[in-house]
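Written out below as structure tokens is the structure these notes cover.
A note on names: the letters A, B, ... follow the listed sequences, proteins ahead of strands, and every chain is numbered from 1.
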There are 2 protein chains.
Amino acid sequence: MTRRAYSRLSQDRRRTDLLEATLACVADLGLDRAGARQIAERAGVSAGLIRHYFPSKDEMVRAAYAYLMGQMTAAAEDSVAGGELSPEAALAEVIAANFAAPSLSGVKVSLWATFVGRVRVDPAYADIHREGYREFLDLLEARIHPVLVAQGCPADPARCKHLAIALNGLIDGLWIEGSLDHGLYDERRLPGIALAAAEGILRLPDTTLTRHLAREDERS
Amino acid sequence: MTRRAYSRLSQDRRRTDLLEATLACVADLGLDRAGARQIAERAGVSAGLIRHYFPSKDEMVRAAYAYLMGQMTAAAEDSVAGGELSPEAALAEVIAANFAAPSLSGVKVSLWATFVGRVRVDPAYADIHREGYREFLDLLEARIHPVLVAQGCPADPARCKHLAIALNGLIDGLWIEGSLDHGLYDERRLPGIALAAAEGILRLPDTTLTRHLAREDERS
DNA sequence: TTCGCTGTTGTACGAATGTAAAACAAATCT
DNA sequence: AGATTTGTTTTACATTCGTACAACAGCGAA
């Protein structure tokens with residue numbers, strides 16, 4: 001029997017290949033059917049190699065979750081990085097970014113849900129989840145505060161935190177149902193629905209956030 | 001070898017025992033480790049019996065998801081069943097019920113997330129999810145409309161639907177993070193946060209919903 | 001009490017699983 | 001060019017999985 005030809009990749013490259021193959025398998029096979037052999041095949045690698053990069057398959061899956069959350073929070077932070085926008089426009093952008101590609105994605109929400117299902121079981125998943133949630137909460141709070149100040153609304157820390165919690169809930173819930181694409185309504189309306197609801201939650205005058213919606217469309 | 005003693009149960013009883021054992025195993029082992037043998041043991045039954053009630057283990061898991069969603073939507077509908085409340089109080093109750101036991105539950109959110117992770121993979125899960133989501137959306141819309149009318153707000157069908165979508169998103173997102181109990185804030189504040197945010201989304205005067213909060217506490 | 005039905009158990013089996021470790025080869029160093 | 005290192009493949013193994021099926025036993029009917 002002749003051996004398969006292969007090439008040696010850098011440790012980081014091979015590792016991320018394995019992580020992405022893991023996510024791909026979990027997304028369209030489910031956690032139970034995402035076996036070591038199938039992940040390895042998707043990564044273009046033989047099954048035994050997994051144990052050269054991870055102490056066990058379970059730890060590789062955990063690492064894949066951490067990798068996914070790192071990508072998602074990095075994307076959220078980048079969504080307002082370079083711009084010199086008004087506080088209102090910046091907040092609108094952070095919110096609306098969740099309802100367009102690549103955030104609005106059936107694959108992403110499938111992975112997110114699958115892993116959240118393990119948070120209660122496995123403390124490692126709980127830690128990763130908590131960290132990602134806290135980061136997004138902080139990001140939101142930092143974007144909310146200047147808007148409240150500019151609009152002359154009360155902006156004490158307790159109120160900001162509560163508003164961030166509520167806004168994060170709104171975004172999460174709409175993102176999940178929107179990404180699942182169940183066909184119960186037109187997903188293109190989600191940015192408008194989300195921004196109008198956010199205006200209400202923050203007690204801002206109408207169109208404070210929604211008037212920044214058109215610019216989002218032009219960009220695409 | 002002596003055989004195990006057993007008793008014959010009614011078909012319905014045995015079936016729901018199996019479904020509840022399935023949910024219990026999925027909740028605290030995860031979908032991949034919830035094997036037929038472990039589920040059977042939890043149900044106080046031998047593994048072979050599964051195939052007497054379900055064509056396969058996978059179909060039993062699907063049936064367990066349908067069973068769970070049936071329980072949850074039934075609970076949501078019951079939460080406003082008998083009362084002769086004002087429209088505002090009824091809406092507040094529907095919302096607040098999601099942030100107290102038994103709805104606010106780590107087990108429930110784990111199961112919910114685990115199954116949502118399969119929606120994209122398996123059309124049967126997609127159907128069950130869509131149906132449950134649509135039912136809750138309709139329930140919310142039916143509770144929102146009379147409030148808007150009573151408060152003299154615009155209440156055309158399109159606006160009601162958008163508001164129901166936003167409110168559902170808010171509830172879902174807060175319910176998930178609250179149930180996961182990550183310790184980033186005090187979950188007892190969730191009903192207040194949710195009701196205040198709902199007031200904002202619906203553009204209602206302050207305390208229209210939150211003034212019904214105290215009554216919720218007294219009841220417990 | 002005995003019979004008959006069928007819900008239930010126990011066992012067996014092939015396939016798939018995660019993992020260990022030996023054999024190999026690709027890249028690097030000398 | 002040859003030696004060395006180590007990333008990678010391959011084979012092997014114990015375990016677990018879902019399922020099939022024959023044997024058994026609880027329970028109502030006669």
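- Applying the ring pair (Phe, Tyr, Trp, His ring centres under 6.0 Å) test to residues at least two apart or on different chains, the pairs with a partner in residues 159-186 of chain B are A:Y133-B:H182, B:W112-B:W175, B:H182-B:Y185.
- The CZ-P distance, from B:R14 to D:dC27, rounds to 11 Å in whole Å.
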Name the atoms and distances for all side-chain donor-acceptor pairs under 3.5 Å in residues 94-110 of chain A, with sequence neighbours left out.
from	atom 1	to	atom 2	distance (Å)
A:N98	ND2	A:V94	O	2.9
A:N98	ND2	A:I95	O	3.2
A:S105	OG	A:V107	N	3.2
A:S105	OG	A:K108	N	3.0
A:K108	NZ	A:P102	O	3.2
A:S110	OG	A:G106	O	3.1
A:S110	OG	B:R120	NE	3.3

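- Between B:R118 and B:D58 there is no salt bridge, since no side-chain N of the basic residue sits under 4.0 Å from a carboxylate O of the acidic one.
- Within residues 56-66 of chain B, the residues approached by DNA chain D to less than 4.0 Å at the level of any non-hydrogen atom are B:S56, B:K57, in residue-number order.
- Contacts between residues 22-41 of chain A and DNA chain D, defined by a heavy-atom separation below 4.0 Å, involve A:R37, listed by number.
- Among B:D122, B:V61, B:I128, the one residue that satisfies the side chain to side chain contact (heavy atoms under 4.5 Å, CB included) test with B:F115 is B:V61.
- Put simply, CZ on A:R42 and CG on A:L23 are 10.5 Å apart, with the number rounded to the nearest 0.5 Å.
- The separation between A:R51 atom CZ and D:dT6 atom C1' is 17 Å, rounded to whole Å.
- Environment of CD in A:E41: sparse, with no more than 12 heavy atoms of neighbouring residues, nucleotides or ligands closer than 6.0 Å.
- Atom NE2 in A:H52 sits about 17 Å away from atom C1' in C:dG18, given to the nearest Å.
- The separation between B:L49 atom CG and C:dT11 atom C1' is 16 Å, rounded to whole Å.
- A salt bridge is defined here as a Lys NZ or Arg NE, NH1 or NH2 lying under 4.0 Å from an Asp or Glu carboxylate O, and A:D32 with B:K57 fails to meet this definition.
- Nucleic acid contact class of B:I50 (heavy atoms, under 4.0 Å, all strands): none.
- In this structure B:Y53 satisfies the ring-ring contact (aromatic ring centres under 6.0 Å, His included) test with no other residue, sequence neighbours excluded.
- A:R134 and A:D138 are joined by a salt bridge, as a carboxylate oxygen and a charged side-chain nitrogen come within less than 4.0 angstrom of each other.
- Under 4.0 Å is where a charged nitrogen must lie from a carboxylate oxygen, and between A:D12 and A:R15 no such pair does.
- Nearest heavy atoms, B:K161 versus A:L184: NZ-O, 3.3 Å.
- Here B:Y53 lies in heavy-atom contact (under 4.0 Å) with sugar-phosphate atoms only.
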What protein N or O atoms touch nucleotides 23-27 of chain C N or O atoms at under 3.5 angstrom, if any, and at what distances?
from	atom 1	to	atom 2	distance (Å)
C:dA23	N3	A:R3	NH2	3.2
C:dA25	O4'	A:Y6	OH	3.4
C:dA26	N3	A:R8	NH1	2.0

